[in-house]
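Owing to the predicted nature of the structure, the values given are computational and were not obtained by experimental measurement.
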Amino acid sequence: MGYAVVLGEALIDLLDGECAGERVFRQAIGGGPFNVSVGVARLGGAVSFAGSVGDDALGTRIVDYLTDVGVDDRAVVRVPVPTTLAVATFTGADPEFHFYGSPFSYSLLTEVPRDLVAGSAVVYCGSIVLLHQEFLAAARSAWAGAGGLRVFDPNVRPSLLPTPADVDGLRSVVEEFCATADLVKLSHADAAVLYPGLSLSSVAGDLLSSGARAVVVTRGPAGALVAFGDERVELPAPMVEAIDATGAGDSVMAALIAGLLADGAPTTVEGWSRHVSYALMVAGLVCERPGGAVAMPTRDEVAARYAA
């Protein structure tokens, strides 16, 4: 089994909640790619996180958490700005994020060690870091130098795309990476922002036609669509008591990467479907727990939750 390199943002989420009868914002370490790296490690995969974090106490907390859960931090860069905050508010279990920081501490990575990328079995990139030119250049370089499989997740945040031109720009970047990806994972919400009016099956088909090898579209409690070649499979999500969907999509990505590290890329839609079915179970368990990275489960916890 090889290792994965996960490129992207790490920040502090402030989650809307209650304490002693009063409304508070609870701190939680987060950022979609950060959650992915933690999720891979918790599921038994070897993983390195590549990103920038502030040089303040919150940045130290982020780095300490990475090392505590077994994520390699050699590609983490400390930058002299305050750690970015993401305020999350909820309608039901689904969070909506608003970001605070100037410049964003997570956007200042300029290079990933070439030997680290070249020796990897999986390279992941995506999410909001691709809106920033310095990080985008680093991601392009890492993507080009990947020694193994490439996986991509656009992980769109609409609040960061205030104009149609912003959406068009991100769509162009997304399609650039998807064209050479072994796996693209996106959510139904991502698809609605990037490709309004198209069915999920059409979006998946267009991405496959552009060069992606496999596409998975998550649909929240409705499960996921798996697209490989000319075949499409709709998979149900497990029935759970969801209290917080923060990190659920990230846990799907983490489980898929862990599966790729263990078994390599499937060659049939049935093989991809087995991986995605397991990833949906991981996400269901995450939804039953509060808060992104700290909610990522181990394989033993997943097995115990869904024991017959």
So which atom in [X] and which in [Y] form the shortest heavy-atom distance, rounded to 0.1 Å?
X	Y	answer
Gly271	Pro266	C-CB, 3.6 Å
Ala295	Arg289	O-NH1, 3.2 Å
Ala237	Gly220	CB-O, 3.9 Å
Ala75	Pro113	CB-CD, 4.0 Å
Met281	Pro238	CA-CG, 4.0 Å
Asn35	Gly247	ND2-CA, 4.1 Å

Is any side-chain heavy atom of [X] less than 4.5 Å from a side-chain heavy atom of [Y]?
X	Y	answer
Leu161	Val193	yes
Leu66	Ser37	yes
Asp64	Thr60	yes
Leu108	Val77	no
Phe152	Leu183	no
Ser52	Val76	no
Leu130	Glu9	no
Tyr306	Val240	yes

Report the C-alpha separation of Leu116 and Tyr3 in whole Å, then their side-chain angles, then the decisive distance to 0.1 Å, and conclude whether the side chain to side chain contact (heavy atoms under 4.5 Å, CB included) test is met. CA-CA 9 Å; Leu116 180 68; Tyr3 64 88; 3.8 Å; yes
Donor + acceptor pair across side chains of Thr163, Asp166 (<3.5 Å): yes
Assess, by modelled atom type and distance only, whether the side chains of Ser105 and Thr83 contain a donor and an acceptor separated by less than 3.5 Å. no
Could you tell me whether a side-chain N or O of [X] sits under 3.5 Å from a main-chain N or O of [Y], the two making a donor and an acceptor?
X	Y	result
Glu288	Glu241	yes
Ser172	Gly169	no
Ser141	Ala137	no
Arg150	Trp143	yes
Ser107	Phe104	yes
Ser277	Ser273	yes
Arg114	Glu111	no

Given the rule in the salt bridge (charged side-chain N to carboxylate O under 4.0 Å, His left out) test, do Asp168 and Arg171 qualify, once you have shown the distances and angles that lead to the verdict? CA-CA 5 Å; Asp168 291 343; Arg171 185 187 303 113; 2.8 Å; yes
Rounded to the nearest 0.5 Å, what separates atom [atom1] in [X] from atom [atom2] in [Y]?
X	Y	atom1	atom2	answer
Glu234	Leu200	CD	CG	8.5 Å
Met253	Leu186	CE	CG	10.5 Å
Thr218	Leu225	OG1	CG	10.0 Å
Thr67	Ile62	OG1	CD1	12.0 Å
Leu280	Arg219	CG	CZ	9.5 Å
Met296	Leu285	CE	CG	10.5 Å

Would you please test Val112 and Leu7 for side chain to side chain contact (heavy atoms under 4.5 Å, CB included) and show each step? CA-CA 9 Å; Val112 183; Leu7 286 79; 3.8 Å; yes
Non-neighbouring partners of Tyr124 that pass ring-ring contact (aromatic ring centres under 6.0 Å, His included), sequence neighbours left out: none
Might you work through the side chain to side chain contact (heavy atoms under 4.5 Å, CB included) test for Arg78 and Val63, ending with a clear yes or no? CA-CA 9 Å; Arg78 303 298 295 271; Val63 175; 4.1 Å; yes
Could you go through the side chain to side chain contact (heavy atoms under 4.5 Å, CB included) check for Leu58 and Gln27 one step at a time? CA-CA 10 Å; Leu58 293 177; Gln27 292 185 33; 3.7 Å; yes
Residues in side chain to side chain contact (heavy atoms under 4.5 Å, CB included) with Thr110, at least two apart? Glu134
Asp153 and Lys185 ion-paired at < 4.0 Å: yes
Assess whether atom CZ of Arg299 is packed by more than 12 heavy atoms of other residues, nucleotides or ligands within 6.0 Å. yes
Considering residues, nucleotides and ligands other than Asp230, do more than 12 of their heavy atoms fall under 6.0 Å from its CG? no
Ring pair (Phe, Tyr, Trp, His ring centres under 6.0 Å) pairs, two or more places apart, involving residues 52-87: none
Check the angle between the aromatic planes of Trp272 and Phe228 and answer parallel, tilted or perpendicular using the 30° and 60° thresholds. tilted
